[in-house]
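Report on the structure given below.
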Amino acid sequence: MKKYKRYLITAALPYANGPVHIGHLAGVYVPADIFVRYLRLKGEDVLFICGSDEHGVPITIKARQEKVSPQDIVDKYHNLIKESFREFGISFDIYSRTTSKIHYQTASDFFKTLYEKGEFIEKTTSQYFDEEVNQFLADRYIVGTCPHCGNDSAYGDQCEKCGTSLSATDLINPRSMLSGSKPVLKNTLHWFLPLDKHEKELRKWILEEHKNWKPNVYGQCKSWLDAGLQPRAVSRDLDWGIPVPLEGAKGKVLYVWFDAPIGYISATKEFTPEWEKYWKQNDTRLIHFIGKDNIVFHCIIFPVMLKTHGGYILPDNVPANEFLNLEGDKISTSRNWAVWLHEYLDDFKGKQDVLRYVLCATMPETKDNDFTWKDFQARNNNELVAILGNFVNRSLVLTHKYFNGKVPEIGNLNDFDNQTLNEIVNLKQNLEENLENFRFRDALKAGMDLARLGNKYLADTEPWKIIKTDPERVKTILHISLQITANLAIILEPFLPFTTTKLSEYLNLGKLKWRDAGNIQLLKPGAEIKEPGLLFEKIEDDVVEKQLQKLQSVKNIAVQNIQVKPQKNAISYDDFAKMDIRTGTILEASKVPKTDKLMQLKIKTGIDERTVVSGIAGYFKPEDLMGKQVCLLANLEPRVIKGIKSHGMILLAEDSDGRLVFVTPEQKVSDGSEVK
RNA sequence: GGCGAGAUAGCUCAGAUGGUUAGAGCGCAUGAUUCAUAAUCAUGAGGUCGCGGGUUCAAUUCCCGCUCUCGCUACCA
């Protein structure tokens, strides 16, 4: 095991196009913060770095939609995000942003260094250019007709109707979203980072030297490496970002993925003049906390950047978490399906630790996990209130009741006392071991086990009974109970910083260090204990019910807000009459092999029996289709799909969520009936 | 279709270079208790460890195939 002198911990830069939600917290910031607080308690030299990621196309689109400047957008969300993190006690040493001056300088210099070392490939490609606004167009800014389904409002990167990923040059009749004019193809020069050149070293570095990375991280990296790495463009034609620092590169900026991770470096620079110590010395341990969507950037691309630049250390570990779902559905910023931190803070004032606790206990460490309000309530009431809050409360209340709030003397210890005291040390070690291995759920459980130990100790020794017969013994019992509460104040600090601060105040504890945990002389006999308040309070059903209703209303609004596509151009009756739509009955159905969505159907149309291929396998099983009567566009030109000739098209309605529903005669009619 | 991750008690999850009765927390049941926010403590019920094969004296753990979930990717509408 390598000896490290200092730690550099980064947490993924949140993208400043919206507020942060519980998914961000559970996946990245809570674990990172717990780890950092633990290291600080141990007296380690540690820096905790984060900031807002503020460039990229989505922000310019959002700005255009809201008719403000991109800077306005990032200012708004940067401040909101920063404040949310502060409120939740995420203890960054610095929370910076990628629009800061120092970052522009750092990222430019970084690019220049790679450029001067000849690490880039220059390549000219053809891209659409809008001559009216004199600008190259990002794929997202081009609309046109989808070559696959004929949808005339497909985007340059994807057709949202049929889901096909496109490149802008595939579109028929492309139009610029900026001016509506027809864009022209123009050559443009870009710089590429040849990842493939570093494949061999990466294989060794990750696959051989970092087998200890989490299975999801290691597996994902292996998957990329086995597939073969490709050069990646590091620049884009855009007016929002860090200008490419070269002559004649006007209108070109650094691609956001290149600029963002450098943000870790610039933030460190901004925080301390000693930044190089943390980034360039071999005895620094660099750890990136991220979500699973960021694995490739932090494990492959950024390390290549650092390596080719030279002088930088590489991450020792990248503990990526999976995703957190909310009430069974994926969290989504655009669909507003989330618990937003700033809203939680309004609804649950002073309950930051409750959310920190619940998110840590259900952290998606090994697979996606679900957050439910019912679970939130149960964990608060059954664990925080009943186990932790209750134990602290009964120890302090008994001390006030029997000893006027003064820590009593400790007397002779019996076997059970010693056994309990030993257990404190065991739990501490157990917690440490879990934290060192990024097992936060287990670590938290070890911490709570200390409170459980306390409850058991009181239940077994029953001081309230023997106070009448043996008050001397009660002194020892409560002395030990109080030492347990003092230990709780230390070992739960990384998880529940607000609560342990309160607890330390009740106990009049000074600043304690991690090495004090396990010690049973944290409180001196005779020391004053404050009149305690409650650390946690119960959360009643109606509070949780209100949150569920809030989510339900989001769903209802979503239903109201469905974007109905505008009507297509008028057609003549003759055009309509050309279509021959008939009823037919499905006789046979089978999935087309080696596809996800295609179903091969045999249909009795009254005219004949024919084969039709339809993309419905995602929603129906063959046996559900047998004997079903459907409507069929019978005279559509036959087309060969996956080697099968398809004669016609089945009519289906597609709901806003993509669900397909057959258009079926309301009553059974004879096959071959005309639909008109 | 390819690749990656996952599938273990009602829920959320551990687990083992293969080996006697597969664990924890919560929930549930019963009992004890009343210092404490009807909190606590004890005991118990609950699992053919996704399905089907194979290797082995022995597999939930290794190998092969399949199914389902999530992510990336491909193809197709």
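Naming convention: chains lettered A, B, ... in sequence-line order (proteins, then strands); numbering from 1 in each chain.
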Closest-nucleotide ordering on RNA chain B, the 5'-leading residue of A:Phe323 and A:Met363:
A:Met363

Would you say the side-chain atoms of A:Asn430 pair up with the backbone N or O of A:Asn426, donor to acceptor, closer than 3.5 Å?
no

Under the criterion side-chain hydrogen bond (donor to acceptor under 3.5 Å, both in side chains), which of A:Asn321, A:Asn437, A:Asn317 is the partner of A:Lys214?
A:Asn321

Rounded to whole angstrom units, what separation is found between the CD atom of A:Gln377 and the C1' atom of B:C26?
13 Å

Integer-rounded Å distance: B:C26 C1' and A:Tyr357 OH:
9 Å

What nucleic acid atoms does A:Asn369 come within less than 4.0 Å of, heavy atoms only: base, sugar-phosphate, or nothing?
sugar-phosphate

How far, in whole Å, is B:A7 from B:C49 if one measures between their C1' atoms?
10 Å

Would you say the side-chain atoms of A:Asp580 pair up with the backbone N or O of A:Ala634, donor to acceptor, closer than 3.5 Å?
no

Same-atom distance (C1') from B:G23 to B:U40, integer angstrom:
24 Å

Atom CG of A:Leu324 and atom P of B:G71: how far apart are they, to the nearest Å?
14 Å

Its glycosidic angle compared against 90° from 0, B:G46 adopts the form syn

Distance-only, no hydrogens or angles: does the A:Arg582 side chain make a donor-acceptor pair with backbone N or O of A:Asn635 under 3.5 Å?
no

Under 30°, 30 to 60°, or over 60°: which ring-plane class applies to A:His210 and A:Trp213, parallel, tilted or perpendicular?
tilted

Could you give the distance separating B:U56 and B:C64 at their C1' atoms, to the nearest angstrom?
16 Å

Whole angstrom value for the distance that separates C1' of B:U12 from CG of A:Asn325:
14 Å

Just by protein heavy atoms under 4.0 Å, how would nucleotides 29-40 of chain B read 5' to 3' in B, S and -?
-----SBBB-SS

Heavy-atom nearest pair, A:Ile295 first then A:Ala320, reads CG1-CB, 3.8 Å

Whether the side chain of A:Asn414 engages the backbone of A:Asp417 through a donor-acceptor N/O pair (distance < 3.5 Å, no angle test) should be reported.
yes

Taking atom C1' in both B:C11 and B:G27, what distance in whole Å separates the two?
7 Å

Watson-Crick or G-U stems of RNA chain B, 3 or more pairs, under 3.5 Å, by first number
B:1-7 with B:67-73, B:10-13 with B:23-26, B:28-32 with B:40-44, B:50-54 with B:62-66

Applying a 4.0 Å non-hydrogen cut-off, can you work out what A:Glu383 is touching in the nucleic acid: base, sugar-phosphate, or nothing?
sugar-phosphate

Proximal nucleotide (of B:C13, B:G71, B:C41) relative to the A:Arg441 side chain:
B:C13

Starting from P on B:C13, measure out to CG on A:Asn434 and report it in whole angstrom.
17 Å

Pairs in or reaching into residues 443-473 of chain A: which pass ring-ring contact (aromatic ring centres under 6.0 Å, His included), with residues at least two apart or in two chains?
A:Phe416-A:Tyr457

How about A:Phe35 and A:Phe438: are their ring centres within less than 6.0 Å of each other?
yes

What's the CE-P distance between A:Met448 and B:A14, to the nearest Å?
19 Å

With C1' as the reference atom in both, quote the distance from B:U30 to B:C70 in angstrom, rounded to an integer.
41 Å

Is the distance between the ring centroids of A:Phe376 and A:Phe348 under 6.0 Å?
yes

C1' atoms of B:A24 and B:G18, separation to the nearest Å
23 Å

For A:Thr500 and A:Leu492 the tightest heavy-atom approach is CG2-C, 3.6 Å

Using the P atom as the reference point in each nucleotide, state the distance between B:A14 and B:A5 in Å, no decimals.
15 Å

For the pair made of CG in A:Asn321 and P in B:G71, what is the distance, rounded to whole Å?
16 Å

Whole-angstrom distance between B:U48 and B:U61, as gauged at atom C1'
16 Å

Roughly, in whole Å, what's the span from CZ in A:Phe371 to P in B:C26?
19 Å

Which comes earlier along RNA chain B counting from the 5' end, the contact point of A:Met649 or that of A:Asp442, where each point is its nearest nucleotide?
A:Asp442

